[in-house]
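Position 1 is the first residue of the sequence; numbering continues from there. Worth saying up front: this structure is predicted, and the values here are computed from it rather than measured.
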Amino acid sequence: MHSTHDRPRSGGDGPARPADRHRATEHQLPDPSGPVAYDDPWYDALAAGWGESEEAAGAVPPARVEHRDEALATADVYLAVQRSAAFQEVRGRYRGFVVPAVAAFLVWYLGYVVAATTVPGLMGRPVVGAVNVAMLAGLGQFLTTFALTWAYARHARLRRDRAALELRWDTQELARGARGGAP
């Protein structure tokens with residue numbers, strides 16, 4: 001028997017053990033003490049005390065302020081859109097469906113739970129063979145959920161999606177104009 005500790009198992013093209021692979025790639029990692037450039041718009045600096053030395057914790061660079069005017073202009077666009085009649089119409093259509101549907105479903109669900117606990121004689125009454133009223137009402141809960149999902153999707157498709165898409169398009173165009181035509 002030969003020992004495999006000193007020769008690779010995979011035909012000679014790499015280290016045999018995971019630890020050897022780790023050691024082989026360690027030298028390829030970038031030097032953490034050198035300058036690191038991030039192309040991330042959300043990155044400003046590390047939070048003080050998170051993986052920094054005491055000296056570096058006080059030397060946090062200031063937050064980016066180069067696009068502050070553009071951000072304010074974009075925020076104004078979104079506030080204007082939120083106050084617009086088109087946005088209020090879309091929100092009103094949404095609430096006009098969701099609020100009554102949620103209320104009706106909660107009443108139906110709580111009615112089922114209350115009936116199961118307060119009138120077990122009614123819920124235990126057989127309908128067909130071993131199937132009783134409680135089983136039918138429980139299955140009705142599932143059917144109601146699917147029917148409500150279908151009705152919501154249909155309502156959204158027919159009454160809100162087109163208006164919301166147009167509103168989104170207009171908002172993006174206004175925000176692009178507020179940023180000076182930048183994509």
Side-chain angles (χ1 to χ4, degrees), residues 21-22 25-115 137-183:
R21 279 193 295 269
H22 179 67
T25 59
E26 258 181 350
H27 70 279
Q28 298 170 355
L29 296 176
D31 181 21
S33 62
V36 178
Y38 289 100
D39 192 25
D40 183 3
W42 295 103
Y43 177 80
D44 287 326
L46 288 173
W50 288 79
E52 301 174 351
S53 65
E54 291 297 321
E55 300 86 35
V60 176
R64 295 181 192 173
V65 293
E66 61 220 23
H67 301 293
R68 181 169 288 169
D69 293 335
E70 292 175 7
L72 289 175
T74 304
D76 291 339
V77 166
Y78 284 103
L79 287 173
V81 168
Q82 184 180 8
R83 293 181 187 120
S84 72
F87 182 81
Q88 297 304 321
E89 178 69 23
V90 170
R91 292 295 294 168
R93 289 179 184 177
Y94 171 77
R95 288 184 188 128
F97 179 84
V98 169
V99 171
V102 167
F105 186 78
L106 284 176
V107 166
W108 160 232
Y109 174 73
L110 292 175
Y112 171 72
V113 171
V114 168
L139 289 173
Q141 293 285 316
F142 286 104
L143 293 176
T144 305
T145 302
F146 292 124
L148 191 58
T149 303
W150 171 82
Y152 176 81
R154 183 176 187 275
H155 180 268
R157 185 181 70 245
L158 295 177
R159 309 229 186 239
R160 290 192 330 264
D161 284 352
R162 182 167 292 141
L165 188 61
E166 289 173 5
L167 187 61
R168 182 183 306 158
W169 182 263
D170 293 343
T171 303
Q172 289 175 350
E173 289 296 317
L174 289 171
R176 186 174 294 122
R179 288 190 301 248

So, using side chain to side chain contact (heavy atoms under 4.5 Å, CB included) as the criterion, who are the partners of [X] when residues are at least two apart?
{"X": "Asp161", "result": "Ala156, Arg157"}
{"X": "Ala164", "result": "Val90"}
{"X": "Trp169", "result": "Gln172, Glu173"}

Pairwise distance CG(Asp170) to CZ(Arg168) - rounded to 0.5 angstrom: 12.0 Å
If you measure from CG on Leu174 to CG on Asp76, what distance do you get to the nearest 0.5 Å? 11.5 Å
For residues 146-155, dump all side-chain donor-acceptor pairs below 3.5 Å to protein atoms at least two apart in sequence or in another chain.
residue : atom : partner : partner atom : Å
Thr149  : OG1  : Thr145  : O            : 2.9
Tyr152  : OH   : Arg160  : NH2          : 3.0
His155  : ND1  : Arg160  : NH1          : 3.0

Partners meeting salt bridge (Lys or Arg N to Asp or Glu O under 4.0 Å) with Arg93 (sequence neighbours left out): Glu89
Over 60° means perpendicular and under 30° means parallel, so classify the ring planes of Tyr109 and Phe105, tilted if in between. parallel
Taking distance alone, no hydrogens or angles, what donor-acceptor pairs closer than 3.5 Å link side-chain atoms of residues 80-88 to residues at least two apart or in another chain?
residue : atom : partner : partner atom : Å
Ser84   : OG   : Val81   : O            : 2.6
Ser84   : OG   : Phe87   : N            : 3.3
Gln88   : NE2  : Gln82   : O            : 2.6

